[in-house]
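The next block holds one structure in the form of structure tokens; read it before the comments.
We use all heavy atoms of the structure for the numbers below, so side chains are in, but hydrogens, waters and symmetry mates are not. A note on names: the letters A, B, ... follow the listed sequences, proteins ahead of strands, and every chain is numbered from 1.
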There are 2 protein chains.
Amino acid sequence: MEQVQDIKVAVDAVVFGYKVKDGISILLIKRKIDPFKGSWALPGGLVKNEETLEKAIERELKEETGVSINYLEQLYSFSEVERDPRNRVISVAYYGLIKPDAFQLKASTDAVDAQWFNIKDLPPLAFDHQHIVELAIKRLRGKITYEPIGFELLDKKFPFSDLEKLYAVVLDRPIDRRNFKKKVLKYGFIKETDEKQNLSGAGRPGFLYQFNEEKYFDLKRKGINFEV
Amino acid sequence: MEQVQDIKVAVDAVVFGYKVKDGISILLIKRKIDPFKGSWALPGGLVKNEETLEKAIERELKEETGVSINYLEQLYSFSEVERDPRNRVISVAYYGLIKPDAFQLKASTDAVDAQWFNIKDLPPLAFDHQHIVELAIKRLRGKITYEPIGFELLDKKFPFSDLEKLYAVVLDRPIDRRNFKKKVLKYGFIKETDEKQNLSGAGRPGFLYQFNEEKYFDLKRKGINFEV
DNA sequence: GCAAAAGTGTTGTAGGTACACCCATGC
DNA sequence: GCATGGGTGTACCTACAACACTTTTGC
């Protein structure tokens, strides 16, 4: 006789944000109920009967943080029996990229506290969320070598150094400015505009660039070999 | 008021087998109950309350086909609301590689019919399994470019051409024997033995090779760039 | 001797890596 | 004039791609 299955399905989101000055951060919420009440955790929650995982993660993210994101990529499904101390819960994790200041976090106004944390300075996380975050970072680092990134993270027009700094901070190592530029321009997924950066502090102002969206998404599909 | 969640969790396995003569096949079972009674489908089933997804997929595979496999890799989680016509079922798909003749399929003796099908000649599949299989093949093709494969698919000792044919059939295009050999030997994950192939038909017998397991798994972890 | 499969080397080319000095601007 | 960040070119070298003839064996 088969026992009735009693497993719940949840989704969790690792949302990466990028600011040129601060580097990569992740969006976390402060739990207001047990278990792990008061701990920081990834936004997420139970999937409803009539929605896909993708719909669920977008809904939860919106509800808990105010962030709308139209493309989250599936990361992995986590199923350790004891990962939630109360019920059996399997969680499907997603990850995505946004510009942190494109959204006003609900943090300030709502009951749930939501906040960006630099990935080099994360608080202790609830459940196995630490593990999920580590995997997401690893995946992001991998992704960068076979797909262009940046479109979702940079301003519409940006100085070349912003892109360069993005790669450096994701890969967590310095990159050679000249070789990087050569390679990026050869792929042609960004193009120079005739505008100049308006200065913020010292230094020679550079030209602004923008993504060639068509080529960018084309290369995302086809894949590139990008070891900078 | 929250509705109670009523979603079931299943696992499905895409098991790839390789024979030098036949190429790549997938292990399928014939369903003996509705829905899709009589159709071919991926082996799999519902996860039990006290097991992880990994345990579940290994158990189901064993039960339904007689195949034991100690390493299956998670592929993707599928959650379309209507993917199972009766209940809401989310399925986590796994994939793995084995030598088809390492196991006697239960097909012949048991009620469930299990059989290998060449990936170029698959029958219509139940549920969204066609879709799952396509994704698995795509993943396998991708995997081959950043990891060595073959250890799980070839005999302990094998002529060099077996490995070459494996790559050719997975990539579905001819590869240059000389360049391929150069590259493989440079990575050093296989080594020549002093034994010679004992002949099966015509042709000059070649030396046998075997995997250098240490280097092989090391390269699997570290990643390689293998565009042959 | 002929069919089948294995073994092997060279050359050209493209791309990657390493590397340092000058320029425009704000203060 | 100095600090800050932007812009740019070359030389070496490695790695990949293309390519064909000879050898060993069975029949």
Q: Can you tell me the distance, in whole Å, between the CZ atom of A/Phe180 and the P atom of C/dG15?
A: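 In whole Å, C/dG15 P and A/Phe180 CZ are 18 Å from each other.
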
With a distance cut-off below 6.0 Å to the six-membered ring centre and an angular limit of 45° from the axis, does [X] pair with [Y] as a cation-pi contact?
{"X": "A/Lys215", "Y": "A/Phe189", "answer": "no"}
{"X": "A/Lys99", "Y": "A/Tyr18", "answer": "no"}
{"X": "A/Lys191", "Y": "A/Tyr209", "answer": "no"}

Side-chain donor-acceptor contact under 3.5 Å, [X] with [Y]:
{"X": "B/Tyr94", "Y": "B/Glu54", "answer": "yes"}
{"X": "A/Gln74", "Y": "A/Tyr95", "answer": "no"}
{"X": "A/Ser77", "Y": "B/Ser77", "answer": "yes"}
{"X": "B/Asp12", "Y": "B/Ser91", "answer": "yes"}

(Q) Output one letter per nucleotide in nucleotides 3-13 of chain C: B when a protein non-hydrogen atom lies under 4.0 Å from the base, S when only the sugar-phosphate is that close, - when neither is. (A) -BBBBBBB---

Q | With sequence neighbours excluded, residues passing ring-ring contact (aromatic ring centres under 6.0 Å, His included) with B/Phe217 | A |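 So B/Phe217 forms a ring-ring contact (aromatic ring centres under 6.0 Å, His included) with B/Phe151.
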
Q: Give me the first and last nucleotide of DNA chain D, going 5' to 3', that has any atom under 4.0 Å from a heavy atom of chain B.
A: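 Contact boundaries, 5' end first: D/dC16 to D/dG26.
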
